[in-house]
Every structure is written in C-alpha cells, then in structure tokens.
Number of protein chains: 2
Amino acid sequence: MKMTLEEIARLAGVSRSTVSRVINDDPNVNDTTRERVWQVVKANDFHPNTAARALAGRRSRVIGLVIPQALNAIFADPYFPLLIQGSAAACDERGYYLMLSLVLRQADDTFRWLIRARHMDGLLVASALAEDTFLTRLLDEHFPLVLVGRSPAHADITTVDVDNVHGASMAVRHLAQMGYSRIATITGPTNMVAALDRREGYLRGLQAMGIEASAGYMQAGDWSEGSGTQAMERLLRVTPRPDAVFVASDNMAVGALKAARAAGLRVPEDIAVVGFDDIGPAATAEPPLTTVRQPIDQLGYLAASTLIEQLESAPAAETDRAAQHIVLPTELVVRASCGQALRPAANYAAMQRVPSEGGVTYSQA
Amino acid sequence: MKMTLEEIARLAGVSRSTVSRVINDDPNVNDTTRERVWQVVKANDFHPNTAARALAGRRSRVIGLVIPQALNAIFADPYFPLLIQGSAAACDERGYYLMLSLVLRQADDTFRWLIRARHMDGLLVASALAEDTFLTRLLDEHFPLVLVGRSPAHADITTVDVDNVHGASMAVRHLAQMGYSRIATITGPTNMVAALDRREGYLRGLQAMGIEASAGYMQAGDWSEGSGTQAMERLLRVTPRPDAVFVASDNMAVGALKAARAAGLRVPEDIAVVGFDDIGPAATAEPPLTTVRQPIDQLGYLAASTLIEQLESAPAAETDRAAQHIVLPTELVVRASCGQALRPAANYAAMQRVPSEGGVTYSQA
DNA sequence: ATGAAAGCGCTAACAA
DNA sequence: TTGTTAGCGCTTTCAT
C-alpha cells in the first residue's frame, strides 16, 4: 500500500507541509504536532519518495564513490573496503546514502549520465591517476566533488589525503638510523600521485640522511603482492645489493618478503623491509612488518563529511569556493622487519611509534 | 547550463512530448523529426533528469547489486569483480545503470530506505545466506528481485545459479576415477547455500563411486585462502590421511596447496587437490589446479538481464508471477593437481574438459 | 504524427 | 506555528 505525504497528513490531521517539515527536522513545528505526525509516520512505515524529493528539492541525498580503476584492481586491494567503510559511516551519520558507482566503459557515457542526470548530489573520487581525464571532465561540469588523494594538476579541488611524503621519509630515515645504508624502494604505479609522493618521500629521506639516491634502487610495482615479489627479485639482482627496502604498500611488501625468503635471505639480518598502510597481513607477516600506518577509514570518513558539508553549505551552484586541502598524518609502526630488535639504538626505546608531526592540517588553495 | 526537455523542444521546434518520445524510442515519431530532435539532444549533451523521470514514469532505470556480506569478505573474493562485470555489461546493453549498494548497518534502515523510497527499480542480491532475514524482508515488500544463487527457503524468487551440486560431484568422481579413494573436502561457510550445495555434490559423488563418507573428512573454511590452509592442516591430521581433497573454491585450494607443501607432501603424488571456480590463481598455481569452472560473468549477465526483463514486462506491481530458475552448467577443467598426468586412464584422453550435461536449464517454480 | 494538459510526490516560498 | 500555492522535469493519456 502506497503512502504519500498527503495521506500521512490526512491521518495526522495536519497539512502536507507540516508533515514535510517534520520529516525534514524543521524546527518550526509545535512539539505536540511533531510527535503526533511522527507517530503516524512510524505506524505506516512511511518513507518519502526519493524521486519526488530530489525533483522538488534539487537534491537526492545520495553521494557516489567512484574509483576510476579496473574492477579487479579495486577488488584485490585491501585499501578500498576500509575507505568505503569510512565513507559510508559518515554518510550514515548525516542521512546520506553512499553508492559505489562503476565507471566501466572508461568515463564516457557513464560519466555523462552520472553528472547530467543529477542522480547524485556529489562524488567522492578515489585513486585517480595523476593525469585523469575523467577528473578533468567532472570539473568542467562543476560537479560537487571531493578527491581522496590529491591532484597536482587541479589545485582547485577539495582534497583529503594522507601525508605520503612525510610517511615515506620517516620510514627511510628510520632504516638509515638502524644502520642500513643501501636503501632501495619499491614504488606504486608511477602514474598515480600517491605512488609519486611516496617516492618523493623516499628521496627526501635519503637526502636528509646524506645518502645518495640511485635509479637502480627504484623499482615500480602495481600495489599487488605479485608485483612486489617481482620488483624485489629485480632489486636483488642489483650490485651492490640493497640492504633495506622501503615498499610503498604492505601488499607489495609481503610479496617482497617472499622474494627475499626465496632468495635465501634473512629479514632483517640480510635485508630490512618497511611497508606502507598497516593493513592486511602487515602484523602477521613473517617477520612482522614495520610499516607506515595511514588512517584509511578516517580518510574515507573525512572525505565524505567534507563533501556533505560542502553540499549543504554551498549556496546552490556556487561550488567553486576556495578548495580545502586536508592532510592526515601517518605514523611509523615499528615491528621486526626493520631490524629494530637487531640493533636497538639506545634512544629508540621511546620510539616504538613515531607519530608524524603533521596532525590534521587545513590549508587554503 | 541546465537543459530540460522543454528547452530541447524549443530548440528543435517541437513539443515537449515529441522530445520525450524520441528519447524513449517511441515508434510514433516521424523520422525527420526524430533526426532533428536527436541532433539537438546530442548537441547540448542533454540527459533527462533521473528524478523527474522516476517520478513521472515510476522508474529510474537504476538497478542495485546488493551483497549482504561483510565488506572485507566481499573485497577479498575474486568472485565479485567478475559478477559485477557481467551484471554491469547487461545493464549497459539495456540502458540501465548498475549501482553497488551497501547494506552496512545490517539491513535495517538502509534496507527500508532502499525499498520504500524506490530509488532503484530492482535489486540483484548476491551471496545471500541460507537463512537471510534481509532477503525475507525484501520479499515481504514485493520488491523486484533476482537472486544470484538460490534459496531453498524461498521457492518463489527468480534465481540464477550455477550447478554447484553437479560440478562438485564431477570433481569427486574424477578423483575417484584417478584412483584416489580417501577423498576429503574443504567446504565454504555452512550457512551459505552454495557451500552446502557443493558439499552435497561431494557426498553424491562419493556415493556414485561407492565410497563411504566420513565426517572427519569434511572441514569448513570461509572461502579465504588462509582458511583453506587451516582446513587442510586439520585434514592432514586425520587418520587415515586423505589422499585427495575437493576444495569448494580456488582461493581455499591455493591455501590448501600451501599447507600440503608445508607438510612436505607432493601434489598430486601424495595428495590430489581439485578446486572450484577456475579464477584467480588456479591456472598458475603450483601445481596448476584442476578445478570446476563456473561462468561467473555469465551468471551476472543473466541475472541482470532477467531482472530487467522482469521489470519491463511486469504489468506494474505484478511482480509475483511464477518465478524462473535458471541454472548454468559447470565444467571440469583438468590440470595437474588431480593426478591426471600421473595415472592416465586410457579413456580420459578425450575428457580434458568434461562439460556438465546440464546446459542452460529453464524451469518453472 | 504531434501537441496540450494533467499529474507523479515532494519542497519551499509566501500568507495567514 | 501552520496552511496555501507554485512549481521541480518528466511521462502519458487524450485530442487533434
């Protein structure tokens, strides 16, 4: 049986508008009336028709999460469930609904539909490439948008990111302080900003410790475990062989550990490994993985909150205000794979966890 | 710049209704007119507003894919990207859009919102539990629905499933024919229908070959690789030790192979392994995995097509017609892990692939 | 083959 | 605080 506002109004003995006010938490309603209306609403399990709502109110209370990557890459990566969880939690809290949107036929039709048909109020874009045409086109349409990560090409987007550079640099400096000097890195795909940032952090870390970088010590993977194994195999063939590796994701680090083991090397005695993420198998790896923790769920939560904030505050189409850039801190989680236990520098006792000095940073574009 | 039907109509010099007819492929439009209108539509990149469409036409052309499982379980399983790909393809073809819907706060609010608010025209439900309250409630609402898999508790839902029983039975019979006689199984979670069906197939296979089943030879996993390893470790402790294992997913089978290797056993010399799915690492496992292939993308494709069919044919709310049950065949893909190479029974030469006799089966509830 | 007109169920001024 | 009144942008009879 189909319920409408009108019907509820009739049953509660008030006007349609009053019911509308009640279900929209408008303060201008008499408490008694409000109570009575709620009663009827509950009793009939009434839910307002979204289509009508969206049409009249010009908003749908749906936001989309779009990950412009191949489906199998998305599903293989333990990063995304956490991101989704965080975003969904924020949406829940604010009465929004999160839909995962596919962009399969790369960008084209789907994209237009997504935007022009106004099926959702805004978009969370995760894991975009450094040069992402999809992103560019969304911006051209002035569609409300928050980017998870950052995009050097577009300073005017609101972004929520973790401090990749600092996190990576911390990891490398830690390795150097543990006494390693031939420090290599396994990066993510070099068309992704997060991968580039972590590589940049790696380079800065080396520099800070007065170590010279070498091209042969940088091998790229694609975030997958298998690519970590392969990159590690390549590194082990380099002369002189690295004695430590900073790996840009835990997934790849686990793969790298396998390669080291297969080559008959002990970790961390022969070669140290530090990962990035602190998810999945980091803690239970053999040996337990020292890694840079990033708060992925918080990232999702903040991204969604920020988008919603923006949607609700924006005077209509005025989306192009000063973009916010939120950066979350990373922290180094020290376990066994970095040789901490092996060479316990006296002053490291209190450093089991080294928080980034960053904290949450707000800045204007 | 906001386009509306009205605006397009003005630009094309026709009425709003004509434009509506054109974009909805109504045959009652003069070809010349149609052409002219399309021109204007394209030129302005016009996409009708979904909300308005949904409100006036009572449909949104969006269907949802719901997987009532924990997020990390979904993302860890290589099954889902394929399923999504198939469903999305079908949607694309028919002008629908597939959205992945989360059901996080188990069922309650989200569920009601999803259904009552009519945000989508229909739902694809995948990987539901044998006793799924979520499913029950959807049915109570008479919401258009197709189940990927099957639900013994609800004979009246349209379902699309693979022939799990037959596939599993094939695998077991094959092992028996290879000369193995102490055949164990690693099942999926025993609250899921697909897992139960495969176990049933295992039992029937044993029976067909005149082998007695034993409870100790059945260990449950949760589809994950790790759970496969653990289940295998348990099996290897049973006396007498099994000489073959049918594992209900490739993921778990890979885990099982690891356990066997760790125990110093050779596969298939000491113990044979057959998996289920034929995705992910099956072909590249060490040794390559004999497995039961299920056409997951087709499953998704058919599920979506069937749902759309149902939506478009259903005279309004009359969803409760006779439910269709579509069953897709599975096939045995023979590789090395089952000992085929070891004991080449003469008459197996032509059997590299044993298709299920099933074929596509349509039946009425 | 085309147009006019009546809603779909809601929100949001504006009145009262 | 509440009700009245226009729409939101589209689909869909019903005329023409």
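Each chain gets a letter, A, B and so on, in the order its sequence line appears, and its residues count up from 1.
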On a heavy-atom basis, the closest approach of A:I308 and A:C91 is CD1-CA, 4.1 Å
Atom-pair distance (CG on B:N28; P on D:dT12), nearest Å: 13 Å
Determine the contact category for B:N30: base if any of its heavy atoms lies under 4.0 Å from a base atom, sugar-phosphate if only primed atoms, P, OP1 or OP2 are that close, otherwise nothing. sugar-phosphate
Establish, with yes or no, whether the OP1 or OP2 oxygen of D:dT11 is under 4.0 angstrom from a side-chain nitrogen or oxygen of B:N24. yes
Tell me if the CD atom of B:E131 is crowded by more than 12 foreign heavy atoms within 6.0 Å. no
Phosphate contact (D:dG9 OP1 or OP2) by B:T4 side-chain N/O below 4.0 Å: no
Please give, in whole Å, the distance from D:dC10 P to B:R16 CZ? 9 Å
Rounded to the Å, how far apart are A:L5 CG and D:dG3 P? 13 Å
B:H47 vs A:H119, test: ring pair (Phe, Tyr, Trp, His ring centres under 6.0 Å). Steps then yes/no. CA-CA 11 Å; B:H47 288 246; A:H119 201 275; over 10 Å; no
Hey, does B:V146 have a side-chain heavy atom less than 4.5 Å from the side chain of B:V160? yes
Calculate the interatomic distance between A:R58 atom CZ and D:dG7 atom C1'; express it in whole Å. 8 Å
Would you mind reading off the distance between A:D26 atom CG and D:dG3 atom P, rounded to a whole angstrom? 13 Å
Among side-chain atoms of B:T159 and B:D161, is any donor-acceptor pair under 3.5 angstrom? no
If you look at every strand shown and take non-hydrogen atoms under 4.0 Å, does A:N49 touch a base, only sugar-phosphate, or nothing? sugar-phosphate
Could you tell me whether A:S17 contacts a base, only the sugar-phosphate backbone, or nothing, with contacts defined as non-hydrogen atoms closer than 4.0 Å? base
Outermost DNA chain C nucleotides near chain B [under 4.0 Å, heavy atoms]: C:dA1 to C:dG9
With heavy-atom distances below 4.5 Å as the criterion, would you say the side chains of A:S101 and B:M99 are in contact? yes
Considering every strand and a 4.0 Å limit on heavy-atom distances, what is the contact class for A:T33: base, sugar-phosphate, or nothing? sugar-phosphate
Short side-chain donor-acceptor distance under 3.5 Å, B:N49 and A:R58: no
Whole-Å distance between D:dT1 P and A:R34 CZ? 9 Å
Base, sugar-phosphate alone, or nothing: which one does B:S20 contact when heavy atoms must sit under 4.0 Å apart? base
Length of the CZ-C1' vector between B:F46 and D:dG9, whole Å: 8 Å
Rounded distance in Å - CZ (B:R53) to C1' (D:dC8): 16 Å
Along DNA chain C (nearest heavy atom to each residue), the more 5'-positioned of B:A56 and A:R59: B:A56
Which nucleotide wins on minimum distance to the side chain of B:R21, given the candidates D:dT2, D:dT13, D:dC10? D:dT13
